[in-house]
Each structure stands twice: as C-alpha cells, then as structure tokens.
Amino acid sequence: MKDAVLAIEKLAPALGAPWAKAFAEKTTHSAQMLFAGGDIEGAEQAFRLAAKLGGPRYVNNAGAYALLARILGPLNAERVAAMYRRVPLALRLVFHRRSE
C-alpha cells in the first residue's frame, strides 16, 4: 500500500486536477488498509496526501464513517471503526435493528 501512495504522490502533479479526486479516493483507501495493517504513521501520511489532493468523498464507505471522517478526521474515524468492529456481531445486529 505504501508503494501505491508513493506512486500517487509522484503521478498526481503530472496528471493534474482532472485526476485529483480519483487519486484522493485511492489514497484514502490505501490509508485505510495501512491503518488496518497497523501502520498508523503510514496511514496518517496517506490521509494527509488525500487531503492535499482535494480530499476524498468517501464514496466507498458507509454514511456513518463518511460523517465521522468529515467531523473528526479520517484517522479518528478509523479508530472509531476499529473499536466498532471489536463489538461482537450479535450486539451490532441488535443495535441495527433498533435504529431501523
């Protein structure tokens, strides 16, 4: 994933504005994978690059994640998501049924 982020960092200026949003989305996805793999520093750098490229729209994420990422920042959204994933599935399903 770090290689993908480095490639985007090198290519983005050359390809310009038409590709910036797509690069921001891909960089964000790479940052999420880096975070999941335990590379918090790499994830933080990738999230910063995504912001520099114009910021992602979080099109491939749940609405709650996107909202958290916009309010708290993507690194904090990842931390909240990681905590949520540690909640047993049965409890998460109860929560979802009550929120419907």
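Positions are given from 1, in the same order as the sequence printed here.
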Could you go through the side chain to side chain contact (heavy atoms under 4.5 Å, CB included) check for Asn60 and Thr28 one step at a time? CA-CA 10 Å; Asn60 295 318; Thr28 297; over 6 Å; no
Salt bridge (Lys or Arg N to Asp or Glu O under 4.0 Å) partners of Arg57, counting only residues at least two apart: none
State whether the side chain of Asn76 and the backbone N or O of Leu72 hold a donor-acceptor pair below 3.5 Å, judged by distance alone. yes
Would you check if Ile40 and Arg79 make a side-chain contact, meaning some heavy-atom pair closer than 4.5 Å? yes
Consider only side-chain heavy atoms of I, L, V, M, F, W and Y, link residues closer than 4.5 Å, and tell whether Leu68 and Met83 are in one cluster. yes
Looking at every non-hydrogen atom in both residues, tell me the closest pair between Leu75 and Ala43 and how far apart they are. CD1-CB, 4.4 Å
Check the hydrophobic clustering (I, L, V, M, F, W, Y; side-chain heavy atoms under 4.5 Å; chains of links allowed) and say if Leu34 and Leu6 are grouped together. no
Report yes if some heavy atom in the side chain of Lys52 is under 4.5 Å from a heavy atom in the side chain of Arg48; otherwise report no. no
Looking at every heavy atom in both Ala31 and Ala46, which two are closest together, and how far apart are they? CB-CB, 3.5 Å
Rounded to the nearest 0.5 Å, how far does CG of Leu49 lie from OG of Ser30? 9.5 Å
State, yes or no, whether a side-chain contact exists between Ile8 and Lys26 at a heavy-atom distance under 4.5 Å. yes
Is Leu15 linked to Val5 within one hydrophobic cluster, defined over Ile, Leu, Val, Met, Phe, Trp and Tyr using a side-chain heavy-atom separation of less than 4.5 Å? yes
Hey, does His29 have a side-chain heavy atom less than 4.5 Å from the side chain of Glu25? no
Should Val80 and Ile71 be counted in the same cluster of Ile, Leu, Val, Met, Phe, Trp and Tyr side chains packed under 4.5 Å apart? yes
Does Lys2 use its side chain to pair, donor to acceptor, with the backbone of Gly42 at less than 3.5 Å? no
Under a 3.5 Å threshold, yes or no: a donor from one side chain and an acceptor from the other, between Tyr58 and Gln32? no
Test side chain to side chain contact (heavy atoms under 4.5 Å, CB included) applied to Thr27 and Phe47, step by step: CA-CA 7 Å; Thr27 304; Phe47 282 131; over 6 Å; no
Interatomic distance, CG@Leu11 vs CH2@Trp19, rounded to 0.5 Å, equals 10.5 Å
